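Notes to accompany the following structure.
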Protein chains: 4
Amino acid sequence: MLATAAEVFASRGYASTTVREVADAAGMLGGSLYYHFDSKESMVDEVLSVFLTDMWAAYDAVIASGLDARDTFRALIAESFRTIDRHRPAVVIYQNESKHLATNPRFAYLTDSQRRFRAMWLSVLDRGVMEGVFRADLDTGLIYRFTRDTVWLAASWYRSDGRLSADEIARQYMAMVLDGIVTT
Amino acid sequence: MLATAAEVFASRGYASTTVREVADAAGMLGGSLYYHFDSKESMVDEVLSVFLTDMWAAYDAVIASGLDARDTFRALIAESFRTIDRHRPAVVIYQNESKHLATNPRFAYLTDSQRRFRAMWLSVLDRGVMEGVFRADLDTGLIYRFTRDTVWLAASWYRSDGRLSADEIARQYMAMVLDGIVTT
Amino acid sequence: MLATAAEVFASRGYASTTVREVADAAGMLGGSLYYHFDSKESMVDEVLSVFLTDMWAAYDAVIASGLDARDTFRALIAESFRTIDRHRPAVVIYQNESKHLATNPRFAYLTDSQRRFRAMWLSVLDRGVMEGVFRADLDTGLIYRFTRDTVWLAASWYRSDGRLSADEIARQYMAMVLDGIVTT
Amino acid sequence: MLATAAEVFASRGYASTTVREVADAAGMLGGSLYYHFDSKESMVDEVLSVFLTDMWAAYDAVIASGLDARDTFRALIAESFRTIDRHRPAVVIYQNESKHLATNPRFAYLTDSQRRFRAMWLSVLDRGVMEGVFRADLDTGLIYRFTRDTVWLAASWYRSDGRLSADEIARQYMAMVLDGIVTT
DNA sequence: TATGAATGAGCATTCATTCAT
DNA sequence: AATGAATGAATGCTCATTCAT
């Protein structure tokens, strides 16, 4: 049922989705949802929490594996697309509503996550530059933004049953980006 | 006043923005807006139309100038960031609300524009592959999506008074992407 | 369980009390109450009926004992405070919800009881005036109201485990009403 | 319009009154009320605040006039009935909803007022006992409660266009309480 | 041009009630 | 006897929109 809510929020937008629409999609009446959830807000909350927890588990495993900058970068990209594969609707919601939701104390963890996310990517990129594996003439702050935007926005068009698998998309993205930022 | 509306819609989201908030920002009362606009919908409509018209004028000029694939690509990227500079709020709105608005016949032009947009970029990329200037082992459909997403989402964080100018951001983006997709 | 319902209704108000709260207090789940009661309404109904039946039994015994006006008055006051002692929550509910409930045909007996109540007290007071034991310059209709209100509203603050017993409160009240608070 | 709301709340009970009913009584539609009030809560809030402010102005004037205990008592009773005459619906609401509303921080002033009210009456009664004008064998705490309940509950049945004026009711009440109903 | 009072449809949420288990 | 999932009507409230002034 959480998955149902996530899908509806993702496709219609959180604010524009009515509780009745979620209930319809879940095969019940409006009021019945409230037996399972406290509020509309707590639905997104749970959707986003579950997604972020899972995403960080994957990221933390990568960080813990002690790869060099370039392979860490590749692994993070790959994990990102795999996370999109597992949590597509949640990622779409995160992408679209995060900024607005974060103004609510209840969703402070969104800002925390974002901060940690930025620190993680910048650290990999800066390490790569220092190790001489990434070009030094690029603004890593910009590269971070470009990468972040492209990867997560992919959730908007990715279909798990589409022509390209998450791993293949990741491979192509890395091919595009890596051969650009790697010194030749 | 249109600019005011665009800014409010961009920062709060179209659906979440109340007409009163737009009126406040414009220094008048809720009902007064209706002397200037038919409806909330016609406000976004005008915001988006103006933006798209201007964007296509710029793109058409590039296409008309008869450059080769690689320089066309560079010019389109540059024009995109310049368009963001001129129409940042409109681009944000376009990015966030387009999909939802497009279900309304009134906004059919959004879908048309998107289709034309896709055709234009694919044509440049495919021509580049054919001319041997872009790598042949990449999926141009994917490259198109990656590029589109990254460029337009930049409107979410770009500040015209920020550290980096639109042209500098464009330059960095091209450096990243081009050296990746260009044959070596 | 009826006592539980009465207490909850008395403390939170009938309209503001949810069936779930009554169930909670009775140590069961919301739906389970309906094995014991037809409806929320039938709970108050039974609470009030039991209370009124008991109260009238006490009053009728007083009336039947053939005392003079002054002693009948004293006895009725005493019985009223004893009834409060036995049915405090029910009296509170009666006091607060009676007027509203009485619009419902099912609770017509509330209006009947009130009418009979008024007749009984007026008869005692008027008899006392006629017998010369109560002052003739008083409006017995008013005295009735003052007495009724004070006695029954005492249910709002009376505690059976408090400093003063029901009989002591009755004694003080009679002292005040019968002889006044001014020293003579 | 505030008066309309007060009347509806008083007759149907705050919790049982719907915003639509208030609007009906005010000759408008449900949503229209919100142009004038923030919420249902702020309606009662204003009704009660206005009433309490006015009541305390009257009481304070009595206290300031430096009468002896007995005349202060009489004046306070008289002012109470006059306040009921001016603010009948508000007094009814205060009487019925006070306890429940007071759990809300917004209505903390209800508890404050009640505390001050109690202190004022007890001070008058105790002073009377000390001055020897009121009987010493009475529990002033009880007398306070009896008086408070009777006076304010009168708002439930008092009609400004009824047979008896507020001052006449006050006179009768004082006669009863001060000197008793028994002939001497 | 602008105001402000009102509209009315729509929303999230509550809650008495039902019912299969 | 009791559970727990569901119902659906009703509620407080929001907001785009209208319109007389």
Side-chain angles (χ1 to χ4, degrees), chain A residues 1 5 9 12-24 26-44, chain B residues 1 5 9 12 14-24 26-44, chain C residues 1 5 8-9 12 14-24 26-44, chain D residues 1 5 8-9 12-24 26-44:
Chain A
M1 195 159 69
F9 286 150
R12 286 158 160 77
Y14 174 67
S16 313
T17 299
T18 72
V19 163
R20 267 177 183 79
E21 283 168 342
V22 175
D24 270 6
M28 52 176 76
L29 288 179
S32 307
L33 273 185
Y34 287 81
Y35 182 80
H36 305 278
F37 293 97
D38 282 354
S39 63
K40 187 184 175 186
E41 205 176 77
S42 75
M43 292 187 222
V44 227
Chain B
M1 194 160 70
F9 286 150
R12 285 159 161 76
Y14 173 68
S16 311
T17 299
T18 71
V19 164
R20 238 192 195 80
E21 283 167 343
V22 175
D24 270 7
M28 54 177 73
L29 289 180
S32 308
L33 271 186
Y34 286 81
Y35 182 81
H36 305 278
F37 292 98
D38 282 355
S39 64
K40 187 185 176 186
E41 207 176 73
S42 74
M43 293 186 222
V44 227
Chain C
M1 193 159 70
V8 182
F9 286 151
R12 286 159 161 75
Y14 175 68
S16 312
T17 299
T18 72
V19 164
R20 238 191 195 81
E21 283 168 342
V22 175
D24 270 8
M28 53 177 74
L29 289 180
S32 308
L33 271 185
Y34 286 80
Y35 181 82
H36 305 278
F37 292 98
D38 282 356
S39 63
K40 187 184 176 186
E41 206 176 73
S42 74
M43 292 186 224
V44 227
Chain D
M1 194 159 70
V8 182
F9 285 150
R12 285 158 161 77
Y14 174 67
S16 312
T17 299
T18 71
V19 164
R20 274 171 182 81
E21 282 168 342
V22 174
D24 269 7
M28 53 175 77
L29 289 179
S32 307
L33 274 185
Y34 287 82
Y35 182 80
H36 305 279
F37 293 98
D38 281 354
S39 63
K40 186 184 175 186
E41 206 177 74
S42 75
M43 293 186 220
V44 227

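The chains referred to below are lettered A, B, ... by the order of the sequence lines, with proteins before strands, and numbering in each begins at 1. Note that the structure is predicted; figures quoted are calculated from it, not measured.
Residue whose closest nucleotide on DNA chain F sits further toward the 5' end, between C/Gly30 and A/Leu29: C/Gly30. Position along DNA chain F of the nearest nucleotide to D/Met43 versus B/Arg20 favours D/Met43 as the more 5'-ward residue.
Atom CG of D/Asp24 is separated from atom P of F/dG12 by 12 Å (rounded to the nearest Å). Per the geometry, CZ belonging to D/Phe9 stands 13 Å off P belonging to F/dT11, to the nearest Å.
The side chain of A/Met28 has F/dT7 as its nearest neighbour among F/dT7, E/dA6, F/dG12.
With a 3.5 Å ceiling on both atom-pair distances, the Watson-Crick or G-U wobble partner of F/dA2 is E/dT21.
How far CZ of A/Phe9 is from OG of A/Ser16: 11.0 Å, rounded to the nearest 0.5 Å. Here the straight-line distance linking atom CZ of D/Arg20 with atom OG of D/Ser32 works out to 11.0 Å at 0.5 Å rounding.
When heavy atoms are screened at a 4.0 angstrom cut-off, A/Thr17 is found touching the sugar-phosphate backbone but no base atom. No engagement by A/Ser16 is indicated, since no non-hydrogen atom pair under 4.0 Å with the nucleic acid exists.
Scanning all heavy atoms of the two residues, the minimum distance from A/Leu33 to A/Ala23 falls at CD1-N, 3.8 Å. Smallest separation of non-hydrogen atoms from D/Ser42 and D/Phe37: OG-CB, 3.8 Å.
Of all the residues in residues 31-41 of chain C, C/Gly31, C/Tyr34, C/Ser39, C/Lys40 reach under 4.0 Å from DNA chain E with at least one non-hydrogen atom.
Nucleotides E/dT1 and F/dT21 have their P atoms positioned 22 Å apart, rounded to a whole Å.
One N or O on the side chain of A/Lys40 and one on the backbone of A/Tyr14 form a donor-acceptor pair closer than 3.5 Å.
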